[in-house]
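Computed from a predicted structure; not experimentally measured.
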Amino acid sequence: MRLLVVVLHSEELLDDLLSILVEQELPDAVVVESRTGLELLERDLPIFAGLRSLIPGGIDVSRLVFCLLEREGQGPEVLQAIGAMSDRSRTPDEPTNTAFLIPVDGIRLF
């Protein structure tokens, strides 16, 4: 069993990602809205607001997508589908989206 984790900075790809997960028979993905550490520093400690100009792209809100892959060997298929989704030209100042798998042991469903 594996846990798929996607750190999605490109909001416009969220619908495509969720469609891929449904096509891969993974409809139970959990999407969590997140903020970057710089965004939190800027909001909570205004002295760090000047750092915003040093970070290209200006990411404010990201999405974390979590999904449990129960079928053996499903991970590479899902990662390949996600990779095909993002095979568009990306400019250097765009944030990088990331998808990875984590092995999961000792799971209890309740």
### Task
Specify the closest pair of heavy atoms between Val6 and Ala99, including all atoms of both residues, with the distance to one decimal.
CG2-CB, 4.0 Å

### Query
Is Val32 linked to Leu3 within one hydrophobic cluster, defined over Ile, Leu, Val, Met, Phe, Trp and Tyr using a side-chain heavy-atom separation of less than 4.5 Å?
yes

### Separation of Leu79 CG from Leu4 CG (nearest 0.5 Å)
6.5 Å

### Residue pair Met1 / Leu69: nearest heavy atoms and the distance that separates them
CG-O, 3.3 Å

### Query
Does the side chain of Val65 come within less than 4.5 Å of Leu21's, by heavy atoms?
yes

### Summary
When every non-hydrogen atom of Ser34 is compared with those of Arg63, the smallest separation belongs to OG-N, 4.1 Å

### Task
Supply the atom-to-atom distance Leu14 CG to Ser19 OG, rounded to the nearest 0.5 angstrom.
9.0 Å

#### Entry: Spatial distance of atom CD (Gln24) from atom CD (Gln80) [nearest 0.5 Å]
9.0 Å

### Message
Are the side chains of Leu64 and Leu8 in contact, using a 4.5 Å heavy-atom criterion?
### Response
no

## Note on the structure
Distance col, row Glu70:CD vs Arg2:CZ, nearest 0.5 angstrom, shows 13.5 Å

### Task
Would you sort out whether Val5 and Thr98 count as a side chain to side chain contact (heavy atoms under 4.5 Å, CB included), showing the intermediate values?
CA-CA 8 Å; Val5 179; Thr98 308; over 6 Å; no

### Message
Would you say that Thr96 contacts His9 through its side chain, given a criterion of any heavy-atom pair below 4.5 Å between the two side chains?
### Response
no

### Task
Please examine the side chains of Leu68 and Leu26, heavy atoms only from C-beta on, and report whether any two atoms are closer than 4.5 Å.
no

### Message
Could you tell me if the side chain of Ile82 sits less than 4.5 Å from the side chain of Leu17, heavy atoms only?
### Response
yes

### Message
Are there over 12 heavy-atom neighbours, none belonging to Glu77, within less than 6.0 Å of that residue's CD?
### Response
yes

### same_hphob_cluster(Val7, Ile102) at 4.5 Å side-chain heavy-atom cutoff
yes

### Task
Provide the closest heavy-atom pair for Met85 versus Asp16 in the form atom of the first, atom of the second, distance.
SD-CB, 3.5 Å

